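Only this structure's heavy atoms are used, side chains among them; waters, hydrogens and symmetry mates stay out. The shown structure was predicted, so the numbers you read here are calculated from the model rather than taken from an experiment.
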Amino acid sequence: MKHARRRSEDDDGDIKNKSALPITKKRATLVNGVPLTGEDYLLFVREQSQKCAETKVAPAPKTMAAQSLPASYQFAADKAVDPALLPDPAWQSLFAEACTLHQKIHSNKKRASKKSRLPPVSQKAKWRELCIKPTADQPMDDVAHFSQKDTWVLIMYMRSWLVEDKAHEHWDSLCAWLFALLLHIDPVLTFDDTSLMRRISRTAIDLRARLEPSSAHVAQLNCIITIISHVFRQADLK
């Protein structure tokens, strides 16, 4: 296909009588259907282009049809957020700076060789039992010993358990673990990491929308949302 352009009667491919690639003959010399020289190739391509239909661009629609997104894509629709649920921008900036500083300090330290006091990631039932207990005496610093892959597995555990806990009975502990795990994610995200990170934030935003502004859990979820939006540069998720 080709775009329509204004042509003169003796136009041989030049535009405004100035050809970007000047040629000295009118037809391409082909040997067994193959152009002999670069000039022949250029002429051959031009001859082929003359046989193509002109490209036509349809006008833009005057009105956009309203369509409902599938359930799995509802997060992309604009949703009004109660301003009372949103954190103060100044606080977000200071909080993000503190989290970024923690990441830099952590990245400059060599991980200790001692064995982690936490159960293996594969033992989901033990992690469930661990994460519903108060965090005061939990070895949360040991999450630094996990690989990025295992850390992501644990993060997705926390996400699903937050959603399942309709009564918010264990949100204090689950949000604390999720916060600790996010701080140990490499700031350079892969495509898959970014997708998971946005999934976590969308879940936190959805859970926050169901709370009253006076709920203590709003601040906990805002910490998670702020880490993702400011530290991991997903600024559209607020």
Side-chain angles (χ1 to χ4, degrees), residues 68-89 91-92 95-96 99-100 102-103 118 121-122 124-125 127-135 138 140 143 146-238:
S68 297
L69 293 171
S72 57
Y73 289 91
Q74 285 295 327
F75 64 83
D78 292 333
K79 296 181 180 179
V81 180
D82 184 352
L85 295 172
L86 297 175
D88 178 67
W91 171 85
Q92 283 187 303
F95 183 73
C99 292
T100 302
H102 180 279
Q103 283 184 326
L118 296 171
V121 174
S122 57
K124 188 175 181 179
W127 270 99
R128 172 67 173 171
E129 182 180 351
L130 179 68
C131 291
I132 62 176
K133 295 180 180 178
T135 59
Q138 300 290 357
M140 300 182 72
V143 297
F146 288 116
S147 66
Q148 291 291 292
K149 180 180 178 181
D150 286 348
T151 302
W152 274 116
V153 171
L154 293 173
I155 286 175
M156 298 312 292
Y157 284 171
M158 305 304 157
R159 173 192 172 275
S160 62
W161 293 335
L162 276 170
V163 174
E164 293 170 3
D165 188 6
K166 304 297 184 183
H168 311 162
E169 185 179 358
H170 306 298
W171 274 25
D172 289 346
S173 178
L174 291 172
C175 284
W177 277 104
L178 183 53
F179 174 78
L181 290 163
L182 286 172
L183 287 178
H184 289 88
I185 287 293
D186 192 316
V188 180
L189 302 177
T190 66
F191 177 83
D192 289 337
D193 293 342
T194 301
S195 178
L196 290 174
M197 192 69 75
R198 295 180 65 83
R199 187 177 177 188
I200 295 295
S201 185
R202 289 195 295 267
T203 298
I205 291 171
D206 183 58
L207 293 175
R208 182 186 63 184
R210 305 176 191 181
L211 300 174
E212 294 295 328
S214 58
S215 173
H217 299 309
V218 171
Q220 296 169 341
L221 292 173
N222 276 334
C223 288
I224 304 303
I225 296 167
T226 299
I227 291 176
I228 296 173
S229 66
H230 285 59
V231 178
F232 292 102
R233 309 298 183 185
Q234 306 302 309
D236 60 306
L237 300 175
K238 303 178 180 178

Can you list the steps and then say if D193 with D186 is a side chain to side chain contact (heavy atoms under 4.5 Å, CB included)?
-> CA-CA 10 Å; D193 293 342; D186 192 316; over 6 Å; no

To the nearest 0.5 Å, atom NE2 of H184 lies from atom CH2 of W152 at 14.0 Å

NE2 on H168 to SG on C175, rounded to 0.5 Å | 10.0 Å

Going by the side chain to side chain donor-acceptor pair (under 3.5 Å) test, name the single residue among Q92, H217, R208 that passes it with N222.
-> R208

Do L154 and D150 have side-chain heavy atoms sitting under 4.5 Å apart?
-> no

Scanning both residues in full, the closest heavy-atom pair of V218 with P213 reads CG2-O, 4.2 Å

Apply the test side chain to side chain contact (heavy atoms under 4.5 Å, CB included) to residues V153 and K124: give CA-CA distance (whole Å), side-chain angles for both, the deciding distance (0.1 Å), then the verdict.
-> CA-CA 10 Å; V153 171; K124 188 175 181 179; over 6 Å; no

From CA spacing to verdict: side chain to side chain contact (heavy atoms under 4.5 Å, CB included), Q234, T194 | CA-CA 9 Å; Q234 306 302 309; T194 301; 3.8 Å; yes

Between L85 and L211, what is the shortest heavy-atom contact and its length?
-> CD2-O, 3.9 Å

Heavy-atom side-chain proximity of I132 to S173 below 4.5 angstrom | no

Qualifying salt bridge (Lys or Arg N to Asp or Glu O under 4.0 Å) pairs, either residue in residues 152-167, two or more places apart | none

C99 SG to L183 CG distance, which is reported to the nearest 0.5 Å | 5.0 Å

Take C131 and M158 through the side chain to side chain contact (heavy atoms under 4.5 Å, CB included) test and state the conclusion after the steps.
-> CA-CA 8 Å; C131 291; M158 305 304 157; 3.2 Å; yes

Residue pairs, two or more places apart or on separate chains, that pass ring-ring contact (aromatic ring centres under 6.0 Å, His included) and touch residues 185-214 | none

Distance in Å, T203 OG1 paired with R198 CZ, rounded so as to fall on 0.5 Å steps = 12.0 Å

Can you find a pair of side-chain heavy atoms, one from L196 and one from I155, that are under 4.5 Å apart?
-> no

Give a yes or no on whether a salt bridge exists between R202 and D206, defined as a side-chain N under 4.0 angstrom from a carboxylate O.
-> no

Where do R199 and M156 come nearest, in terms of heavy atoms and distance?
-> NH1-CE, 3.7 Å

Given I228, which of T226, I224, I225 fulfils the side chain to side chain contact (heavy atoms under 4.5 Å, CB included) condition?
-> I224

What residue among W127, Y157, W161 forms side chain to side chain contact (heavy atoms under 4.5 Å, CB included) with W177?
-> W127

Taking only residues two or more places apart in sequence or in another chain, which ones pass salt bridge (Lys or Arg N to Asp or Glu O under 4.0 Å) with R233?
-> none

Taking all non-hydrogen atoms of both residues, which atom of Q220 and which atom of D172 are closest, and how far apart?
-> NE2-OD1, 2.6 Å

Starting at CG of L118, measure out to CG of L130 and round the result to the nearest 0.5 Å.
-> 6.5 Å

For A96 and V231, the nearest pair of non-hydrogen atoms, with its separation, is O-CG2, 3.8 Å

How long is the span from the NE2 atom in H170 to the CG atom in L162, to the nearest 0.5 Å?
-> 11.0 Å

Indicate the atoms forming the closest heavy-atom contact of F95 with I227, along with that distance.
-> CE2-CG1, 3.7 Å

